[in-house]
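Proteins come first, then strands; the chains are lettered A, B, ... in the order of their sequence lines, and each starts at number 1.
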Amino acid sequence: MADEDKKPSNFIRDIIAEDLQSGKHEAIQTRFPPEPNGYLHIGHAKAITIDFGLAREFNGKVNLRFDDTNPVKEETEFVDAIKEDIAWLGWSWDKECYASDYFEQLFEWACSLIEKGLAYVDDQNGEEIRLNRGTLTEPGKPSPFRDRTPEENLDLFQRMRAGDFPDGSKVLRAKIDMASPNMNLRDPVMYRIIRQHHHRTGDKWCIYPTYDYTHGQSDSLENVTHSLCSLEFEDHRPLYNWFIEKLEIFPSRQIEFARLNLTRTIVTKRKLRQLIEEQHVHGWDDPRMPTLRGMRRRGFTPESIKDFMARVGVTKFNSRTDFALLEHCLRQDLESRAPRRMAVLDPIKVTITNFPEETEWYEGPNHPGDASFGTRKVPLTREIYIERDDFMEDPPKKYFRLAPGREVRLRYACYITCTKVIKDEAGNVVELEAEFDPESRGGSTPDNRKVKGTIHWVSATENVKFEGRLYDHLFMSDDPEDVEEGHTFLDNLNPESLQVITAYGEPELAQHGVGDIVQFERKGYYCLDPDSTPDQWVWNRTVSLKDSWAKKG
RNA sequence: UGGCCUAUGGUGUAAUUGGCAACACAGCGGAUUCUGGUUCCGUUAUUCCAGGUUCAAGUCCUGGUAGGCCAGCCA
């Protein structure tokens with residue numbers, strides 16, 4: 001492809017290209033290693049794009065590996081949800097793997113480490129281990145059990161597996177360096193005793209390996225050449241390499257990159273859960289959530305997310321990307337693929353006093369720039385709805401919508417001129433009257449006179465009434481988690497992140513199915529929500545159109 | 001007063017590896033338009049600081065400064 005070489009470089013791509021060119025690897029293998037304890041979010045999408053994207057770009061392979069080493073947090077439900085979300089993004093994996101498939105191998109390797117005097121069983125409890133680990137500035141103290149013989153350790157470790165000891169009473173630790181400035185090297189725990197049903201291994205095990213003792217070896221077993229992860233694992237890399245070296249197994253290479261941060265967005269699992277539990281949102285797939293399920297329901301497309309990730313790039317710098325970039329990618333994608341429809345979200349009735357009693361049908365293109373979308377017919381009747389803010393009784397200079405005595409075009413239909421403003425007792429404009437020019441049917445007149453404004457409209461009698469859910473950012477500040485003393489991220493919640501309205505759309509709207517995305521002309525992109533029922537349509541606002549008029553006002 | 005990592009317009013990134021700092025988003029201005037959308041054109045603004053090496057430094061060296069991560073039997 002032509003734009004293949006336009007792809008901006010990043011340091012990981014460079015490393016891979018170099019490794020391939022130098023012959024270090026004939027082909028590359030990556031992996032995406034989620035822990036099945038929650039739903040995927042936009043942050044995961046970055047990792048997915050990198051892991052799958054790079055593998056595909058270099059004709060390599062990518063495994064989906066579930067990092068299921070902690071049975072207390074993991075569930076099959078999440079395994080399925082994760083697979084579904086990755087597939088939705090449009091990626092397919094070469095092998096589906098589970099760290100738990102390697103438990104036996106990992107156990108054997110642990111025994112070999114014990115035999116080499118590189119691991120020992122520690123009887124200290126969690127509290128003691130923590131206390132003796134030292135601090136960032138002080139070295140740790142060796143465990144009193146650190147110098148047990150390999151024979152004793154092996155026996156103890158086997159009995160740990162056999163279930164001879166209660167939960168938490170013993171751990172297996174790597175024997176490295178209690179004085180290391182890198183805390184991860186101060187004899188990290190390799191195994192802990194946990195009597196808990198595992199989603200795949202059932203009750204076969206009562207000891208479970210830790211992430212550090214599992215991840216690198218899993219990579220190695222799968223011949224992962226480039227193990228890409230986020231920055232917080234930088235400090236773990238020496239340990240990752242240590243296990244691989246001591247075990248003398250295939251040397252996978254861990255490379256870290258910065259995770260994605262977005263303005264007005266949080267992805268912290270605990271806080272997302274809190275939002276649900278305290279009912280600030282309606283669930284993991286609430287369209288305001290940064291979860292892939294939420295974004296899908298909102299109307300985000302996989303293409304827009306991938307495009308976004310390509311533009312965000314890959315670095316080791318902790319940055320925060322403007323949400324507007326994601327919205328730009330979304331709009332750009334939707335612009336070319338969403339059929340156009342008309343819907344009035346905040347209606348005011350207009351009676352076209354000289355309009356005939358019979359309905360007139362006008363034809364409009366489904367896409368202004370792509371004839372392959374075809375056309376559809378829209379009914380115009382004597383009474384219509386227009387957008388409340390498309391009328392102003394006393395308009396400013398540059399306002400070119402409807403006003404008393406002012407003429408506008410009803411999109412796809414004809415010209416109308418406002419002839420009367422009807423108000424209630426409080427002086428609010430409640431209804432309008434207008435006259436249409438019969439000559440203007442079709443959208444233009446023989447005299448070719450210009451009308452400044454074109455507005456959208458919906459018949460007041462022949463329409464589809466629906467519920468509109470107008471979504472906005474869940475948070476008002478760029479970094480919702482950056483709060484002053486005494487405040488929490490909840491204080492940054494946008495009270496208007498969801499506005500529910502009753503709206504009216506053209507009849508064609510009834511032809512759409514759940515998940516369809518259309519553009520309500522002059523308003524925004526909308527996605528048909530799964531909550532829709534035969535007698536209550538629900539359209540979610542995916543993202544509004546850019547509005548350079550509103551900005552000026 | 002520990003270790004590791006990072007620093008380029010407002011934001012996110014690039015820079016043929018020492019050779020005219022560029023792209024996108026956002027902003028601003030204009031043209032086109034039956035969407036105040038799209039499209040097109042234009043425009044504002046950048047190498048954390050101080051030294052050093054060099055004909056030449058965003059890039060190399062030294063020293064600062066600022067930010068991120070690490071003291072789970074989480075991943």
For the pair made of CZ in A/Arg13 and C1' in B/A14, what is the distance, rounded to whole Å? 12 Å
Candidates B/U13, B/C34, B/G36 - which lies nearest the side chain of A/Lys398: B/G36
May I ask you to decide whether A/Glu234 forms a salt bridge with A/Arg237, counting only side-chain N to carboxylate O separations under 4.0 Å? no
I'd like to know whether the aromatic ring centres of A/Trp539 and A/Phe520 sit less than 6.0 Å apart in this structure. yes
Assess the pair A/Tyr415 and A/Phe436: is the distance between their ring centroids shorter than 6.0 Å? no
Using a 4.0 Å heavy-atom cut-off across all strands, classify A/Tyr208 as base, sugar-phosphate, or nothing. nothing
What is the nucleic acid contact for A/Gln519, judged by heavy atoms within less than 4.0 Å: base, sugar-phosphate only, or nothing? base
Starting at CG of A/Asp322 and ending at P of B/G12, how long is that distance when rounded to a whole Å? 9 Å
How are the rings of A/His198 and A/Tyr208 set to each other: parallel, tilted or perpendicular (split at 30° and 60°)? parallel
Applying a 4.0 Å non-hydrogen cut-off, can you work out what A/Phe520 is touching in the nucleic acid: base, sugar-phosphate, or nothing? nothing
Examine A/Arg65 relative to A/Tyr98 and say whether NZ or CZ is less than 6.0 Å from the centre of the six-membered ring and inside a 45° cone about the ring axis. no
What nucleic acid atoms does A/Thr263 come within less than 4.0 Å of, heavy atoms only: base, sugar-phosphate, or nothing? nothing
Taking only N/O atoms, report every protein-nucleotides 63-66 of chain B pair under 3.5 Å with atom names and distance.
none

How would you label the glycosidic angle of B/U35: syn (within 90° of 0) or anti? anti
When the distance from CG of A/Asp177 to P of B/G2 is rounded to whole Å, what number comes out? 18 Å
Relative to the ring of A/Phe300, is the ring of A/Phe323 parallel (under 30°), tilted (30 to 60°) or perpendicular (over 60°)? perpendicular
Name the stems with RNA chain B in them: runs of three or more consecutive Watson-Crick or G-U pairs, distances under 3.5 Å? B:2-7 with B:65-70, B:10-13 with B:22-25, B:27-31 with B:39-43, B:48-52 with B:60-64
How many Å lie between CE on A/Met342 and P on B/C34, as a whole number? 16 Å
About how many Å separate OG1 of A/Thr417 and CG of A/Asp437, when rounded to the nearest 0.5 Å? 7.5 Å
What's the CG-C1' distance between A/Asn261 and B/U6, to the nearest Å? 14 Å
Assert yes or no for the condition that the ring centre distance of A/Phe157 to A/Tyr120 is strictly below 6.0 Å. no
By side chain to side chain contact (heavy atoms under 4.5 Å, CB included), A/Asp19 pairs with (sequence neighbours left out) A/Ile15, A/Lys24, A/His25, A/His226, A/Arg253
Separation of B/C4 C1' from A/Asn241 CG (nearest whole Å): 14 Å
For A/Trp457, does the six-membered ring have the charged nitrogen or CZ of A/Arg411 within the cation-pi criterion, i.e. under 6.0 angstrom from the centroid and within 45° of the normal? no
Taking O4'-C1'-N9-C4 for purines and O4'-C1'-N1-C2 for pyrimidines, is B/G72 syn (within 90° of 0) or anti? syn
Geometric class of the A/Phe233/A/Tyr211 ring pair [parallel <30°, tilted 30-60°, perpendicular >60°]: tilted
Just wondering, are more than 12 heavy atoms of other shown residues or ligands nearer than 6.0 Å to CZ in A/Arg259? no
Between protein and nucleotides 68-75 of chain B, map the contacts as a letter string: B base, S sugar-phosphate only, - none, heavy atoms under 4.0 Å, written 5' to 3'. SBBBSBBB
Of the candidate nucleotides B/U35, B/A26, B/C5, which contains the atom at the shortest distance from the side chain of A/Ala324? B/A26
A/Phe11 has an atom CZ; how far is it from atom C1' of B/U59, in whole Å? 17 Å
Check the phosphate of B/U13 against A/Thr315, side-chain N and O only, distance under 4.0 Å to OP1 or OP2. Yes or no? yes
Which letters describe nucleotides 38-43 of chain B, given B = protein heavy atom under 4.0 Å from base, S = only from sugar-phosphate, - = neither? S-----
Flag as yes if A/Phe317 stacks onto the base of B/A7 (centroids under 5.5 Å, planes under 30°), otherwise no. no
Is there a donor in the side chain of A/Asn63 and an acceptor in the side chain of A/Glu96, or the other way round, less than 3.5 Å apart? no
Is it true that the NZ or CZ of A/Lys271 lies under 6.0 Å from the centre of A/Phe489's six-membered ring and within 45 degrees of the ring axis? yes
Considering only atom P, compute the distance from B/C28 to B/A66 and round it to an integer number of Å. 35 Å
Length of the CG-C1' vector between A/Asp14 and B/U13, whole Å: 13 Å
Could you run down the sub-3.5 Å N/O contacts of the protein with nucleotides 21-24 of chain B?
from  : atom 1 : to       : atom 2 : distance (Å)
B/A24 : O2'    : A/Arg311 : NH1    : 2.8

